[in-house]
Amino acid sequence: MPTIAGQSLSPSENTGYPRSVEVNTPRKRKLRSDSAAEVAAMEVSTPMKLKSRRRCAVSSPRTTPIAEVEEESNGKLETQFDCLDVKLKWNPRDDDQMKAVKEALHVSKAPSSVVCREDEQRRVLEFVKGCMEQKKAGSLYICGCPGTGKSLSMEKVRQQAEDWAKKEGLPCLETVSVNCTSLSKTTDIFSKILGENETGKKATGSPTPLEQLQIMFSQKQQSSSTKMMLIIADEMDYLITRDRGVLHELFMLTTLPFSRCILIGVANAIDLADRFLPKLKSLNCKPLVVTFRAYSMEQILMILQERLVELPYVAFQPKALELCARKVSAASGDMRKALSVCRSALEILETGVKGSTDQEPQSPATEDQVVKMDHMVAALAKTFKSPVVDTIQSLPQHQQIIVCSAAKAFRGSKKDRTISELNKLYMEICKSSMITPAGITEFSNMCTVLNDQGIVKLSQARDNKLKRVSLRVDEADITFALKEIRFFRNCLL
């Protein structure tokens with residue numbers, strides 16, 4: 001025992017290895033001491049004892065507040081993880097939870113805010129504000145591929161314009177929204193603007209709805225607080241299928257002396273403005289053009305996350321959502337297609353879970369039962385890798401060029417063309433790539449083959465050149481099938 005009491009020797013005496021071992025042996029007894037002298041002695045000890053000092057600092061009663069803070073932090077972290085556990089509880093066997101996720105991803109579900117379209121909405125809203133402030137008519141044309149948020153953005157702009165008018169003390173807008181696909185004939189749009197749902201009941205010789213509008217906007221209004229009329233014509237490209245004059249007359253309403261029309265036309269045809277702008281410009285009714293570009297991978301991912309963040313649980317693996325966004329943006333950038341793929345992946349998960357439930361009815365749902373990469377891959381294959389895609393990929397080159405020509409020709413409102421018209425576009429693509437085109441007879445025969453395979457549809461006519469060709473497959477399938485070949489990818493731009 002006297003040797004133990006003499007352990008607080010000076011450093012010069014603790015030079016031998018056996019002595020060092022002897023000192024290290026009872027070190028645990030020193031850690032139980034609160035003596036300041038023992039702590040000071042350990043501070044001037046050998047490097048091996050410096051390592052012991054750090055252990056002492058952790059175990060010392062003087063460090064108890066740090067330990068308490070660490071315990072408190074650990075408690076907070078545990079609380080946070082408990083909250084995450086609540087968020088992560090997802091039971092795909094629960095019909096109510098599955099229904100809630102499907103509804104959040106449904107196309108008809110209008111989100112509280114339209115993300116990734118702030119700049120386009122701002123431009124349209126500023127246009128409407130300017131017309132309302134100056135009490136001046138104007139026209140605007142919105143174009144973009146399907147599923148790029150055009151119609152949804154217009155609904156938000158309408159609400160924002162009405163709220164802004166109330167705030168500024170201006171008369172509220174008189175809004176008329178018309179989906180041109182619902183019109184039995186193109187001239188019915190003027191009856192919709194007048195608010196006449198029943199047409200054809202007017203006496204013979206009475207002015208037509210278009211003439212009534214022209215008279216209305218050619219006369220000075222009696223009241224100074226006359227409301228501006230916001231006309232939103234969705235799917236406007238359907239107005240040019242039969243009578244192109246209707247489109248011109250509609251835009252000319254904004255040029256009348258006392259017109260109060262704010263006309264916003266929405267269409268999928270990107271080249272509609274290029275085809276009709278010269279004519280509209282000559283009529284002094286050239287519209288402002290706003291283009292909605294296809295969604296990028298980052299934008300599709302952000303929109304999906306915005307729709308799912310309000311749910312109290314996580315139903316999708318982040319990498320699965322990213323895969324969906326990447327594939328859809330590469331194919332078409334159509335947000336509706338991305339929502340359809342996610343819903344399909346949910347159904348695949350639901351089918352697998354119900355199958356396991358039938359085998360083990362009492363087995364609890366595990367935390368890993370979310371939509372994973374394999375579910376998303378299967379959904380993407382189901383959506384894009386269809387038999388149509390395989391058929392297009394296996395076609396000879398010239399037949400693929402015809403399919404590519406048809407996809408370009410039928411964008412927008414024109415849904416069919418004659419074989420002669422399609423042949424001209426086919427020859428242009430061949431000549432631009434220095435490919436020898438087929439003759440008109442061989443071209444007609446190839447169209448017949450594509451008709452037999454269900455890719456195009458040929459109408460009956462006495463002359464082969466006058467047969468009308470229309471697509472039977474979706475343009476997205478054509479793009480997905482040919483996008484890996486640079487030649488076709490450039491043709492489909």
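Just so it is clear, the values below take in all heavy atoms, side chains as well, and ignore hydrogens, waters and symmetry mates. Residue numbers count from 1 along this sequence.
Between Ile419 and Leu466 the shortest side-chain heavy-atom distance does not fall below 4.5 Å. Side-chain contact check for Phe190 versus Leu194: every heavy-atom pair is 4.5 Å or farther apart. In this structure the side chain of Glu162 never reaches within 4.5 angstrom of the side chain of Cys172, judged on heavy atoms. Residues Leu183 and Tyr238 fail the side-chain proximity criterion, which asks for heavy atoms closer than 4.5 Å. In this structure, Gln397 and Ile435 have side chains that are in contact, with non-hydrogen atoms separated by less than 4.5 Å. Side-chain contact between Val469 and Lys457 is absent, with no heavy atoms from C-beta onward closer than 4.5 Å.
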Exercise. Kindly indicate, with the supporting measurements, whether the criterion side-chain contact (heavy atoms from CB on, under 4.5 Å) is fulfilled by Lys135 and Arg260.
Key: CA-CA 7 Å; Lys135 295 184 178 180; Arg260 49 190 177 89; over 6 Å; no

Practice problem: Evaluate the criterion side-chain contact (heavy atoms from CB on, under 4.5 Å) for residue pair Asn91 and Tyr313; output intermediate values, then yes/no. | Solution: CA-CA 9 Å; Asn91 185 7; Tyr313 30 74; over 6 Å; no

Practice problem: Go through Val473 and Val456 one step at a time and tell me if the side-chain contact (heavy atoms from CB on, under 4.5 Å) criterion holds. | Solution: CA-CA 7 Å; Val473 298; Val456 300; over 6 Å; no

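Between the side chain of Thr148 and the backbone N or O of Gly144 there is no donor-acceptor pair closer than 3.5 Å. Of the possible donor and acceptor atoms, none in the side chain of Arg336 sits under 3.5 Å from a partner among the backbone N and O of Pro146. Between the side chain of Lys327 and the backbone N or O of Ala338, no donor-acceptor pair lies under 3.5 Å. Using a distance-only test at 3.5 Å, with no hydrogens or angles considered, no donor-acceptor pair links the side chain of Glu235 to the main chain of Cys180. With Gln399 contributing its side chain and Pro396 its backbone, the two residues share no donor-acceptor pair below 3.5 Å. With Trp90 contributing its side chain and Gln369 its backbone, the two residues share a donor-acceptor pair below 3.5 Å. A donor-acceptor pair is defined here as one N or O able to donate and one able to accept, closer than 3.5 Å; such a pair exists between the side chain of Asn451 and the backbone of Leu458. Side chain of Glu249 to main chain of Val246: no donor-acceptor pair is present (N/O by atom type, distance under 3.5 Å, no hydrogens or angles). Looking only at distances, a side-chain donor or acceptor of Glu118 sits under 3.5 Å from a matching main-chain atom of Cys116. A donor-acceptor pair is defined here as one N or O able to donate and one able to accept, closer than 3.5 Å; no such pair exists between the side chain of Ser259 and the backbone of Thr255.
Around atom CG of Asp119, more than 12 heavy atoms belonging to other residues, nucleotides or ligands sit under 6.0 Å away. Atom CE of Met302 is surrounded by 12 or fewer heavy atoms from other residues, nucleotides or ligands within 6.0 Å. Shown here is Arg489, whose CZ atom has more than 12 heavy atoms of other residues, nucleotides or ligands within 6.0 Å. Heavy atoms from other residues, nucleotides or ligands lying under 6.0 Å from CD of Gln460 number 12 at most.
Checking Lys465 against Asn423 by side-chain atom types alone, no donor-acceptor pair falls below 3.5 Å. Side chains of Ser151 and Asp234: a donor-acceptor N/O pair is present below 3.5 angstrom, by distance only.
Of the inter-residue distances, the one linking Arg307 atom CZ with Leu304 atom CG reads 8.0 Å to the nearest 0.5 angstrom. For the atom pair CD (Glu174) and CD1 (Ile262), the distance works out to 11.5 Å, reported to the nearest 0.5 Å. Atom OG of Ser340 and atom NZ of Lys382 lie 8.5 Å apart (nearest 0.5 Å).
Closest non-hydrogen pair, Lys136 versus Met228, comes out as O-CE, 3.6 Å. Across every non-hydrogen atom of Ile455 and Val403, the tightest pair is CG2-CG2, 4.0 Å. Heavy atoms only, all atoms of each residue included: Lys109 and Ala104 are closest at CG-O, 4.1 Å. Residue Ser153 comes nearest to Arg117 through the heavy atom pair OG-CB, 3.8 Å, listed as atom of the first residue, atom of the second, then distance. Heavy atoms only, all atoms of each residue included: Ala476 and Ser332 are closest at CB-CB, 4.5 Å. Closest non-hydrogen pair, Ala233 versus Ile189, comes out as CB-CD1, 4.2 Å.
A salt bridge links Lys337 with Asp474; the closest basic N to acidic carboxylate O contact falls under 4.0 Å. For Glu322 and Arg326, the salt-bridge test passes: some basic side-chain N is under 4.0 Å from an acidic carboxylate O. Using a cut-off of 4.0 Å between Lys/Arg side-chain N and Asp/Glu carboxylate O, Arg122 and Glu126 are scored as not salt-bridged. A salt bridge links Lys102 and Glu350; the closest N-O separation between the charged side-chain nitrogens and carboxylate oxygens is under 4.0 Å. Between Arg123 and Glu120, none of the side-chain N atoms (NZ, or NE/NH1/NH2) sits under 4.0 Å from a carboxylate O, so this pair counts as no salt bridge.
Partners of Asn179 by side-chain hydrogen bond (donor to acceptor under 3.5 Å, both in side chains), not counting sequence neighbours, listed by chain and number: Thr181.
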